[in-house]
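A short worksheet on the structure shown next.
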2 protein chains.
Amino acid sequence: MESNQLTPNAVVAVDVVVFTLRPAQDIEDRWQVLLVRRDEPAFGNKLALPGVLVRGDETFDKAARRALQTKTGLDARDWYLEQLGTFGDPGRDTRGRVVSVAHVALVASDDVELAAGSGIQSIDWVPVRGLPAETLAFDHADMLRVAINRIQAKLRYSWVAFQLLPDEFTLSALRSVYSAILDPSLERLNTSNFRKAFSTLFASKTLVSVGQRASVGKVGRPGELYRFVGPITGTRTRELRWDSVRFGAVGA
Amino acid sequence: MESNQLTPNAVVAVDVVVFTLRPAQDIEDRWQVLLVRRDEPAFGNKLALPGVLVRGDETFDKAARRALQTKTGLDARDWYLEQLGTFGDPGRDTRGRVVSVAHVALVASDDVELAAGSGIQSIDWVPVRGLPAETLAFDHADMLRVAINRIQAKLRYSWVAFQLLPDEFTLSALRSVYSAILDPSLERLNTSNFRKAFSTLFASKTLVSVGQRASVGKVGRPGELYRFVGPITGTRTRELRWDSVRFGAVGA
DNA sequence: GCAAAAGTGTTCATCGTACACCCATGG
DNA sequence: CCATGGGTGTACGATGAACACTTTTGC
């Protein structure tokens with residue numbers, strides 16, 4: 001206790017729950033989380049969230065982005081990132097009193113190229129649903145649970161959905177964000193009501209048409225491309241209540 | 001780095017934002033926060049949130065309640081307490097890398113007796129509004145800001161309001177929780193609409209009449225006493241939207 | 001009786017869901 | 001021209017704000 005300094009009493013780390021949407025058979029499986037397979041003594045060979053110890057002069061935000069850079073090779077400088085909560089129960093780590101500040105990151109699954117870093121065997125995108133919780137190292141299953149709840153809630157009262165889409169996207173793509181994360185049956189919600197949920201954005205020119213059609217033509221009329229130009233920190237004036245919707249058949 | 005142990009790299013502390021409602025001239029001043037005046041070398045004589053360093057075998061929850069016990073003499077064992085967020089910018093404390101896990105606690109201002117603990121000059125309830133932010137030690141003004149937003153938001157979608165009331169209370173008292181924290185003009189919202197905001201609770205027998213009248217008779221008809229018997233973790237099915245209400249004059 | 005506050009019922013605008021219909025593209 | 005999905009407008013039921021009215025207390 002010299003020179004007014006306090007003695008460190010814990011190890012502080014950050015872990016990051018990275019969410020994205022990727023193509024999959026089932027709509028529910030489109031929502032995926034980034035997991036690494038550990039190659040270290042503690043919890044070796046177990047799946048875990050990417051994380052690092054926080055450096056002496058580093059903010060949590062910087063540490064979280066560094067974790068993604070060094071462990072998974074991802075450049076997360078511009079990604080949406082927010083603090084989720086701090087997990088510090090004694091005994092959550094066998095190597096001492098480790099306190100981990102968990103974060104959530106969202107990214108569009110465009111140009112993301114994975115590269116395993118130090119202490120990592122492999123990296124994988126894993127569907128959020130049906131993930132065997134016990135298989136995760138430490139209390140990372142708890143972190144993931146909290147992260148899932150946080151993002152599902154935020155989808156309803158904020159504009160974070162756009163963080164999971166590329167710059168230009170169709171309204172169908174936007175809808176698929178909601179259906180993958182909240183409820184697959186939203187896929188069958190009719191267009192009119194879906195658009196109305198974003199009417200305030202259209203009115204405020206925050207969600208603007210690019211004046212182009214989507215190039216990828218599967219079947220049917222291609223959708224218009226839109227661009228979200230507003231601040232993501234904004235929130236809805238009224239929360240979405242799509243839980244209670246009873247969807248009819250696929251019209252026609 | 002012996003026996004697989006990690007070396008501590010930071011000091012972990014907890015700070016607690018304790019909110020209550022207390023009698024005051026202006027409705028807005030009824031919402032108050034518990035602050036202590038420090039009597040220590042670092043930030044001496046400054047107002048701060050009560051807090052302690054986390055012990056090696058202690059959860060954050062336990063540490064937070066201990067902070068209230070040892071610093072302010074309050075028995076917070078049964079109080080509503082939740083984690084708010086973690087503040088750990090390098091340089092937020094001059095005594096080293098101190099990471100503080102901030103919490104929010106709510107308590108009914110009944111039988112709470114303050115008693116200054118070690119390192120504390122005095123303790124005071126201070127109105128949340130018009131609090132000169134610069135006067136707080138460390139980054140506690142930031143914590144308070146986040147806490148204010150958190151509680152205001154939670155008031156709209158959860159039942160935390162009841163945590164600020166004694167076991168038995170009138171609907172006027174309940175309304176005053178909302179008017180003190182959200183908007184003073186809610187005081188003039190008519191009874192009918194206010195009751196409707198709790199109709200689901202009445203229907204589910206979660207908010208039950210005690211069958212008694214409030215004893216304190218100022219003027220007018222005394223209100224019935226109610227008791228909240230539900231789990232506080234529940235949330236509203238629809239969020240309150242009392243921001244947009246335009247209140248008329250005080251009828252008649 | 002009168003003022004003040006509590007409690008009840010009803011009207012009317014607004015919001016959200018459901019539904020009907022038209023447009024654009026591929027085969 | 002038909003199947004498929006995108007896009008637009010409208011009708012109807014539910015929600016909630018506004019208002020009128022009754023009840024209970026103190027003075």
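Here is the naming used below: chain letters follow the sequence lines, and residue numbers restart at 1 for every chain.
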Gap between atoms [atom1] and [atom2], on [X] and [N] respectively (whole Å):
| X | N | atom1 | atom2 | value |
| --- | --- | --- | --- | --- |
| B/Leu225 | C/dA6 | CG | C1' | 13 Å |
| B/Phe194 | C/dT8 | CZ | P | 14 Å |
| B/Trp242 | D/dA17 | CH2 | P | 8 Å |
| B/Glu224 | D/dT23 | CD | P | 15 Å |
| B/Glu187 | C/dA4 | CD | P | 16 Å |
| A/Leu189 | D/dG6 | CG | P | 12 Å |
| A/Asn190 | C/dG16 | CG | C1' | 11 Å |
| B/Glu239 | C/dG16 | CD | P | 13 Å |

**Message:** Strictly below 4.0 Å: does B/Arg241 bring a side-chain N or O up to OP1 or OP2 of D/dG16?
**Reply:** no
**Given DNA chain C, 5'-ward residue of the pair B/Asn193 and B/Arg175, judged by closest heavy atom** =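 The answer here is B/Arg175.
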**Request:** Let me know, please, whether B/Arg238 or B/Arg221 comes out on the 5' side of the other along DNA chain C by nearest nucleotide.
**Result:**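 By nearest-heavy-atom nucleotide position, the 5'-most residue is B/Arg221.
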**Message:** Applying a 4.0 Å non-hydrogen cut-off, can you work out what A/Ser172 is touching in the nucleic acid: base, sugar-phosphate, or nothing?
**Reply:** sugar-phosphate
**Asked** Taking atom types as they are modelled, is there a donor-acceptor pair under 3.5 Å from the base of C/dT14 to the side chain of A/Lys196?
**Response** no
**Asked** Under 3.5 Å, is there an N or O donor on one side and an acceptor on the other linking the side chain of B/Thr191 and the base of C/dG7?
**Response**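 By the distance-only test, yes, there is a pair.
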**Message:** Under 6.0 Å between ring centres: does that hold for B/Phe19 and B/Trp79?
**Reply:** no
**Complete:** Out of D/dC19, D/dT8, C/dA4, minimum distance to the side chain of A/Arg195 belongs to D/dT8
**Item:** Options C/dT8, D/dG5, D/dG9, nucleotide nearest the side-chain atoms of B/Ser192
**Value:**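 Of C/dT8, D/dG5, D/dG9, C/dT8 is nearest to the side chain of B/Ser192.
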**Prompt:** Looking only at side chains, do A/Asp183 and A/Ser185 share a donor and an acceptor under 3.5 Å apart?
**Reply:**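 The criterion, which ignores hydrogens and geometry beyond distance, is satisfied for A/Ser185 and A/Asp183.
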**Request:** Determine the sole option in A/Val17, A/Ile181, A/Ile148 for which the side chain to side chain contact (heavy atoms under 4.5 Å, CB included) test with A/Val128 is passed.
**Result:**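 Option passing the side chain to side chain contact (heavy atoms under 4.5 Å, CB included) with A/Val128: A/Ile148.
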**Asked** What residue among A/Tyr80, A/Tyr178, A/Phe169 forms ring-ring contact (aromatic ring centres under 6.0 Å, His included) with A/Phe162?
**Response** A/Phe169
**Item:** Set of ring pair (Phe, Tyr, Trp, His ring centres under 6.0 Å) partners for B/Tyr226, sequence neighbours left out
**Value:**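 Applying ring pair (Phe, Tyr, Trp, His ring centres under 6.0 Å) to B/Tyr226 gives B/Phe202.
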